[in-house]
Undergrad: 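Pasting a structure below so you can have a look.
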Amino acid sequence: MPELPEVERYRRLAESALFRAISSIAAPDPWFLKGGESGPDFRRALVGNRFVAADRIGKLLVLATERGPTLGIRFGMTGTLAVDGRVGVEDLRYAPRRHDPAWDRWSARFADGGSLVVRDPRRLGGVRLDPDLSRLGPDAASISPSALDSALRGSAAPLKARLLDQSRVAGVGNLIADEVLWRAGLSPQRPAGSLSANEARRLHRHLRRTIGYLIDRGGSHLGDLMDERRVGGRCPRDGAALVRSTVGGRTSWWCPVHQV
DNA sequence: ATTGTGGCCTGCCCGC
DNA sequence: TGCGGGCAGGCCACAA
């Protein structure tokens with residue numbers, strides 16, 4: 001599913017959509033329009049306008065425009081971005097591989113004939129104008145050690161739940177949370193505020209490093225733990241049978257031996 | 001405020 | 001062969 005690495009790929013792809021005049025908007029699915037705005041609202045804001053910057057905060061893609069309003073795109077679990085028919089990510093875990101035109105939930109057409117299309121089979125994503133960025137914590141790809149500390153300190157919630165909370169740290173999804181905690185040797189069930197200084201440092205290092213590495217590899221499902229995230233899966237580090245349970249409302253897999 | 005839960009959405013996979 | 005139930009999880013509304 002799209003987590004931070006996939007959205008970063010979409011962001012880079014979206015840079016090829018900048019500085020091109022937008023000639024029309026297709027918004028066939030009202031459900032996909034968030035923030036209370038309608039298709040005509042999107043047309044008024046964007047037709048005749050141009051995207052001038054592609055930013056990403058966590059899993060939110062934000063396209064700034066010349067005339068002011070920004071376009072926020074969320075990809076949910078199965079969303080993908082296509083610019084001029086090129087997709088940002090080919091192999092998206094949990095998403096169908098084939099393409100049905102009905103899954104094009106929102107698109108902008110450019111005067112030069114190209115397009116920017118948001119595809120989302122399961123419709124868990126959405127687009128909106130001027131998304132509220134104040135509700136997002138610092139981006140996981142660039143968060144500082146002290147910012148991570150303050151995101152975790154004093155919390156009795158499970159460590160993994162806190163990492164998944166986008167208002168605390170933006171960009172960590174279920175797969176990356178499992179991968180990072182596995183690498184850092186920390187149980188997802190640990191109270192978030194219970195980490196020692198050394199553990200917090202370790203978590204920060206693995207969070208930053210893992211995200212960078214998954215961006216380079218091309219997807220959140222390409223971590224070392226991922227193939228074992230299944231019934232019968234074993235820890236790639238020590239061979240122990242992985243434990244599966246629900247933490248923070250999400251299916252979680254971890255090693256009972258080295259994640260403490 | 002903090003934390004936890006349930007539901008939304010729909011394609012896919014398994015068992016019958 | 002078709003069918004139904006369960007599952008996947010990002011995000012949000014809501015409850016305690």
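For clarity, every value in this text was computed on a predicted model and none was experimentally measured. Chain letters run A, B, ... following the sequence lines, proteins first and then strands; every chain starts at 1. All values below come from the heavy atoms of this structure, side chains included, with hydrogens, waters and symmetry mates left out.
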Undergrad: As a test of reading the structure: which of B:dC8, B:dT3, C:dG10 is closest to the side chain of A:W31, going by heavy atoms?
TA: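 The listed nucleotide nearest to A:W31's side chain is B:dC8.
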
Undergrad: Is it true that the side chains of A:S167 and A:D165 contain a donor and an acceptor less than 3.5 Å apart?
TA: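 Short answer, yes.
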
Undergrad: Would you mind reading off the distance between A:D165 atom CG and B:dA1 atom C1', rounded to a whole angstrom?
TA: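 For the pair A:D165 CG and B:dA1 C1', the rounded distance is 12 Å.
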
Undergrad: In terms of side-chain heavy atoms of A:R122, which of B:dT3, B:dT10, C:dG10 is nearest?
TA: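 Side chain of A:R122 sits closest to B:dT10.
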
Undergrad: Given C:dA8, C:dG10, C:dC12, identify the nucleotide with an atom nearest to the side chain of A:T251.
TA: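 Minimum distance to the A:T251 side chain belongs to C:dA8.
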
Undergrad: Is any side-chain heavy atom of A:K160 closer than 4.5 Å to one of A:Q189?
TA: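 They are not in contact (no side-chain heavy atoms under 4.5 Å apart), so the answer is no.
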
Undergrad: Given atom CG of A:D132 and atom C1' of C:dC11, what is their separation to the nearest angstrom?
TA: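 One finds 14 Å between C1' of C:dC11 and CG of A:D132, rounded.
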
Undergrad: Base, sugar-phosphate, or nothing: which does A:R119 touch, judged by heavy atoms less than 4.0 Å apart?
TA: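 Contact class for A:R119: none.
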
Undergrad: May I ask you to verify if any side-chain N or O of A:W103 is less than 4.0 angstrom from the OP1 or OP2 atom of B:dT10?
TA: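 So the side-chain polar atoms of A:W103 never come under 4.0 Å of the phosphate oxygens OP1 or OP2 of B:dT10.
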
Undergrad: Judged by each residue's nearest nucleotide on DNA chain C, which is more toward the 5′ side, A:Q166 or A:W253?
TA: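 By nearest-heavy-atom nucleotide position, the 5'-most residue is A:W253.
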
Undergrad: Nearest-Å distance, CZ (A:R230) to P (B:dC12)?
TA: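 Checked: the CZ to P distance equals 23 Å.
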
Undergrad: Are the side chains of A:L33 and A:W106 in contact, using a 4.5 Å heavy-atom criterion?
TA: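 Heavy-atom side-chain distance check passes, below 4.5 Å.
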
Undergrad: To the side chain of A:A156, which of C:dC11, B:dG11, B:dT3 is closest?
TA: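 Of the options given, the side chain of A:A156 lies nearest B:dT3.
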
Undergrad: In whole angstroms, how far is the C1' atom of C:dC12 from the CE atom of A:M77?
TA: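 Taking atom C1' of C:dC12 as the reference, CE of A:M77 is at 17 Å.
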
Undergrad: Might you work through the salt bridge (charged side-chain N to carboxylate O under 4.0 Å, His left out) test for A:E228 and A:R230, ending with a clear yes or no?
TA: CA-CA 5 Å; A:E228 300 299 320; A:R230 56 180 169 77; 3.3 Å; yes

Undergrad: Would you indicate which nucleotide in B:dT3, C:dC12, C:dG10 comes nearest to any side-chain atom of A:R162?
TA: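 When the side chain of A:R162 is considered, B:dT3 is the closest of B:dT3, C:dC12, C:dG10.
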
Undergrad: Taking the basic N atoms (NZ, or NE/NH1/NH2) and the acidic carboxylate oxygens, is any pair closer than 4.0 Å for A:D104 and A:R119?
TA: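 A salt bridge links A:D104 with A:R119.
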
Undergrad: What is the distance, to the nearest angstrom, from the CZ atom on A:R229 to the P atom on C:dC7?
TA: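 Rounding to the nearest Å, CZ of A:R229 and P of C:dC7 are 14 Å apart.
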
Undergrad: Considering only residues two or more places apart or on different chains, which pairs with a residue in residues 238-251 of chain A satisfy side-chain hydrogen bond (donor to acceptor under 3.5 Å, both in side chains)?
TA: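 Every pair satisfying side-chain hydrogen bond (donor to acceptor under 3.5 Å, both in side chains) with a residue in residues 238-251 of chain A: A:D238-A:H258.
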
Undergrad: Quick one: does A:R74 reach the base of C:dG10 with a side-chain donor-acceptor pair under 3.5 Å?
TA: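 No pair found.
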
Undergrad: Look at all strands and tell whether A:R168 reaches a base, only sugar-phosphate, or nothing, counting heavy atoms closer than 4.0 Å.
TA: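 Sugar-phosphate only.
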
Undergrad: Applying a 4.0 Å non-hydrogen cut-off, can you work out what A:R123 is touching in the nucleic acid: base, sugar-phosphate, or nothing?
TA: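 Result for A:R123 = sugar-phosphate.
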
Undergrad: May I have the distance from A:F32 (atom CZ) to B:dC9 (atom C1'), rounded to whole angstrom?
TA: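 Interatomic distance, CZ of A:F32 to C1' of B:dC9: 11 Å.
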
Undergrad: Rounded off to whole Å, could you give me the CG-to-C1' distance for the A:D120 and C:dG10 pair?
TA: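 Value for this atom pair: 10 Å.
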
Undergrad: Does B:dG11 have its OP1 or OP2 closer than 4.0 Å to a side-chain nitrogen or oxygen of A:T78?
TA: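 Answer no for this pair, as no side-chain N or O of A:T78 is under 4.0 Å from OP1 or OP2.
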
Undergrad: Pick the closest DNA chain B nucleotide for A:R250 and for A:G154 by heavy atoms, then say which residue is nearer the 5' end.
TA: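 Upstream on the strand: A:G154.
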
Undergrad: Using atom NZ of A:K160 as one end and atom P of C:dG10 as the other, report the distance to the nearest whole Å.
TA: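 Atom-to-atom, A:K160 to C:dG10, this comes out as 9 Å.
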
